[in-house]
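Keep in mind that the numbers below use all heavy atoms, side chains included, and drop hydrogens, waters and symmetry copies.
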Amino acid sequence: MKPITYFYLKECPFCKKAFRYIEELKREHPELQTVEIDTVEESEQPEIADRYDYYYVPTFYVDGKKVHEGGIFKEEMEAVLRKALE
């Protein structure tokens, strides 16, 4: 399984939606329950966030490669989670 890194901000409505989608998708698809996500709150961990190339949150990296940046829909969130299983 490939590692996922998720950059977010606590007050970001799109980030809150992404967290909600992750929970829903893991409930709906048992195969996604094992996917682990390393979360980085960029204002609390700027030393980590500064090492990555992105402008908007939520941003997802799978195995070190950026796969999504900015507002997200549920089907896009599912695609990110499934990339970890490839």
Side-chain angles (χ1 to χ4, degrees):
M1 183 172 312
K2 297 174 187 167
I4 295 179
T5 305
Y6 171 24
F7 293 92
Y8 73 100
L9 288 168
K10 283 187 279 192
E11 300 305 318
C12 167
F14 298 108
C15 298
K16 290 177 184 178
K17 193 179 290 188
F19 275 118
R20 190 168 59 249
Y21 290 154
I22 291 166
E23 290 176 16
E24 289 174 12
L25 288 162
K26 285 187 171 193
R27 275 196 312 272
E28 295 167 5
H29 303 280
E31 70 275 16
L32 298 177
Q33 291 177 4
T34 59
V35 174
E36 293 186 24
I37 302 171
D38 180 28
T39 58
V40 179
E41 207 294 349
E42 71 171 39
S43 68
E44 294 174 358
Q45 298 175 289
E47 68 286 352
I48 296 172
D50 289 345
R51 288 185 265 166
Y52 289 80
D53 182 29
Y54 70 95
Y55 297 100
Y56 304 104
V57 290
T59 293
F60 293 88
Y61 283 79
V62 176
D63 202 21
K65 180 180 176 188
K66 182 169 42 174
V67 296
H68 186 89
E69 180 175 356
I72 194 163
F73 294 102
K74 188 173 181 178
E75 57 273 4
E76 294 170 317
M77 187 68 254
E78 183 175 354
V80 169
L81 295 175
R82 291 198 180 278
K83 281 187 185 300
L85 298 177
E86 294 176 353

Inset, instruction - Indicate whether the side chain of T39 and that of E41 have a donor and an acceptor atom separated by less than 3.5 Å. - result: no

Legend entry - Interatomic spacing from CD in E24 to NZ in K17 - rounded to 0.5 Å: 11.0 Å

Inset, instruction - First locate atom OG1 of T59, then atom CG of D53, and finally report the distance between them rounded to the nearest 0.5 Å. - result: 9.5 Å

Legend entry - Test item: K26 side-chain N/O and V35 main-chain N/O as donor-acceptor pair under 3.5 Å: yes

Inset, instruction - Could you grab the distance from atom CD of E31 to atom CZ of R82, nearest 0.5 Å is fine? - result: 4.5 Å

Legend entry - Non-hydrogen atoms of K16 and E11 that approach each other most closely: NZ-OE1, 4.0 Å

Inset, instruction - Report the C-alpha separation of E36 and M1 in whole Å, then their side-chain angles, then the decisive distance to 0.1 Å, and conclude whether the side chain to side chain contact (heavy atoms under 4.5 Å, CB included) test is met. - result: CA-CA 9 Å; E36 293 186 24; M1 183 172 312; 5.6 Å; no

Inset, instruction - Give the cluster check for I72 versus L81: same hydrophobic cluster or not, with ILVMFWY residues linked at side-chain heavy-atom distances below 4.5 Å. - result: yes

Legend entry - Rounded distance [0.5 Å steps], OH in Y61 versus OH in Y52: 7.5 Å

Legend entry - Pairwise side-chain contact, K66 with F60, heavy-atom cut-off 4.5 Å (strictly under): no

Legend entry - R20 side chain reached by K74 side chain, heavy atoms, under 4.5 Å: no

Legend entry - In one Ile/Leu/Val/Met/Phe/Trp/Tyr side-chain cluster, 4.5 Å: I48, I4: no

Legend entry - Cluster overlap L85 with Y21, hydrophobic side-chain contacts below 4.5 Å: yes

Inset, instruction - May I ask you to test the I22-L32 pair for a side-chain heavy-atom distance under 4.5 Å? - result: no

Legend entry - Heavy-atom pair with the smallest gap, counting every atom of G71 and P58: N-CD, 4.3 Å

Inset, instruction - Assess whether side chain to side chain contact (heavy atoms under 4.5 Å, CB included) is satisfied between L9 and E42, documenting all intermediate values. - result: CA-CA 6 Å; L9 288 168; E42 71 171 39; 3.2 Å; yes

Legend entry - 4.5 Å side-chain heavy-atom contact, E78 and E28: no

Inset, instruction - Might you point out which heavy atoms bring P46 and S43 nearest each other, and give the distance in Å? - result: CD-O, 3.8 Å

Legend entry - Passing candidate, ring-ring contact (aromatic ring centres under 6.0 Å, His included) with F7, options Y55, Y54, Y56: Y54

Legend entry - Full working for side chain to side chain contact (heavy atoms under 4.5 Å, CB included) between K65 and V62: CA-CA 5 Å; K65 180 180 176 188; V62 176; 5.9 Å; no

Inset, instruction - Mind checking the CD1-CZ spacing from I37 to F19? Nearest 0.5 Å is all I need. - result: 8.0 Å

Legend entry - ILVMFWY cluster, V40 and Y6 together (side-chain gap under 4.5 Å): no

